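The next block holds one structure in the form of structure tokens; read it before the comments.
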Amino acid sequence: MYSPESIQKLVKSKLRGYKFFIVSNREPYIHMHTPEGIKCKTPTGGLTAALDPLMQACKGTWIAGGSGDADRENVDEHDKTLVPPDDPKYVLRRVWMSKDEVDKYYFGFSNQVLWPLCHNVFHKPTFDKSFWDGYKHSNKLFARAVLDEVKGEKAFVWFHDYHLALTPRMVRSKAKGQIVSAHFWHIPWPSWDVFMTCPWAKEILEGLLANDLIGFHLKRYCINFMASVERALGASVDYKSFAIQYGGRTILVRPFPISIDFDAIEKSAKKPIIKRKIKEIRSPHYIPYEFIGVGVDRLDYTKGIIERFHAIDRFLEKYPKYQNNFVYIEAGAPSRRKVPAYMKLGEDITKLVEGINWKYQRGYWKPIIYIEGKLEYNKLLALYRTADVCIVSPLQDGMNLVAKEFVAANVDRNGVLILSQFAGATEELKDAVVVNPYDVEGFADAIKNALEMRGEEKRKRMERLRGVVRENNVYKWLGDFVSEAAKLI
Ligand code: F6P
């Protein structure tokens, strides 16, 4: 089993003599102005949470876009700052982009072209040439920062996600020293015919093929990617060894399902304060009803929040004994607010929740408590521990770490996980109750079945789920990725 210490040893021994870099759009620490002065926050999202422990253990430099309004005041003359601020362990180098650059590269091409294209949830990408030009430009800014840091020496560079598909090629073409590079794509890869609707599909694929290793969460995303390069670029693909030959080089493609720090979450969920929080939640002043459901999402149309509320509506209609008896708490963290589809989603959710609550409300009881924002961590853990059901129902999701966090925090083994068949996590979490989020009737029935599942069955399922997540934790993801990358050195 991997641990932060064993991964540190692995990096030290296998990557000896190589400078170690992580490159991503999202930065792990964000400096913000607040009424109480400058505060350093961590962002929502799996990427930074998964990689921060690795960087803390292995030192190295993380190159990322500066996104906080106090970021510029907290770097040295080389745009660097040491993080975590309370206990510095590694270097964060910030890449600066203007408002217009961020609009085109992040809100534009990344989140209005690549995001809907790869998630394929009937949401048409906006193939706008100015987004594409902005994306190329910003990818160049990241490439410049990498080259500046590498300084012609030997380096292992690990790129992340769909924001930086072109950067690996830009770096490889200019690097003087020996660069080994890898890329982890944190979202799904669609079938080749969907991907090739993008007018710039070839350039994106060529950008990624400048890496030596490309990782996806699942085997089927790897296969979709290999089929895309075969069709679009005529690359030679070996589907047995998951290797691509292109431009005289070999590129390996591998599945690495991302995960969470199971032990850390379990330990936190067992703290006495969590029991006290559970009492508060279940108190007559807050939720004195028998059944509690919980959901935690980034506010994104791929997460299936609207479809979930329709299923809850149908469930209450079809099984009225749960009226005045079941409360569903949804915490939705606002995200990518400037993108029109996300703005509309926020409004649609608010309207739908109002409508459903209006329809069923009785006295103090209303079926949905919708919290727009992040929950305080201990409250979240208490909810994960006390909820009868956690519903994770994306229309499409590369992995989904909320499902795994719920399992790790459900230390009393009395909760049921309802999981969409379209979440990457479903491949591992076989003991979840699996739903098709588009099937309102089936989804409504699944909620009922989950609430009525016998205690023994719940315990057995949760025990098995916990075993899987404990074993396949984030350190395994990191260790497997780094070991595979190290073979290339
Ligand atoms: O799941 C894909 C992803 O880009 C993650 O890599 C990231 O943690 C999350 O979405 C958050 O997105 P953003 O960086 O746009 O806030």
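Whatever order the structure lists ligands and atoms in, that order sets their numbers, starting from 1. The figures here come from the full heavy-atom set of this structure, side chains too, leaving out hydrogens, waters and symmetry mates. Just so we're clear, the structure is a prediction, and the values are computed from it rather than from any experiment.
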Taking side-chain hydrogen bond (donor to acceptor under 3.5 Å, both in side chains) as the definition, give me every residue that meets it alongside Trp477, ordered by chain and number, with sequence neighbours left out.
none
Go through ligand 1 atom by atom and flag the ones less than 4.0 Å from a non-hydrogen atom of [X].
X	result
Ile187	2 (C)
His186	6 (O)
Arg26	13 (P), 14 (O), 15 (O), 16 (O)
Tyr162	4 (O)
Leu47	6 (O), 8 (O)
Tyr106	13 (P), 15 (O), 16 (O)

Does only the side chain of His160 get under 4.0 Å from ligand 1, or the backbone, or both, or neither? Count heavy atoms.
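Neither; no heavy atom under 4.0 Å.
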Using non-hydrogen atoms of the residue, decide whether Trp115 is closer than 4.0 angstrom to ligand 1.
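Checking ligand 1 against Trp115, which is what was asked, there is a heavy-atom contact under 4.0 Å.
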Under a heavy-atom criterion of less than 4.0 Å, does Met399 contact ligand 1?
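The answer is no: ligand 1 sits nowhere under 4.0 Å from a heavy atom of Met399.
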Salt-bridge present (Asp103, Lys99; N to O < 4.0 Å)
yes
Parallel, tilted or perpendicular, as decided by the 30° and 60° cut-offs, for the rings of Phe184 and Phe481
perpendicular
Would you call the rings of Tyr135 and Phe109 parallel, tilted or perpendicular if under 30° counts as parallel and over 60° as perpendicular?
tilted
Nearest neighbour in protein (non-hydrogen) for atom 11 (C) of ligand 1:
Arg298 NE, 3.6 Å
Which pair of heavy atoms, one from Tyr384 and one from Val296, lies closest together, and at what distance?
OH-CG2, 3.7 Å
Show your reasoning for whether side-chain hydrogen bond (donor to acceptor under 3.5 Å, both in side chains) applies to Tyr105 and Asn25.
CA-CA 10 Å; Tyr105 141 80; Asn25 169 65; 2.8 Å; yes
Judging by distance only, is a nitrogen or oxygen of [X] under 3.5 angstrom from one on ligand 1?
X	value
Asp161	yes
Asn111	no
Arg336	yes

Under a 4.5 Å cut-off applied to non-hydrogen side-chain atoms, are Val171 and Phe142 in contact?
no
A side-chain contact here means heavy atoms from C-beta on lying under 4.5 Å apart; do Thr48 and Trp62 qualify?
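Heavy-atom side-chain distance check passes, below 4.5 Å.
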Per ring-ring contact (aromatic ring centres under 6.0 Å, His included), Phe216 is matched among Tyr221, Phe225, Tyr162 by Phe225
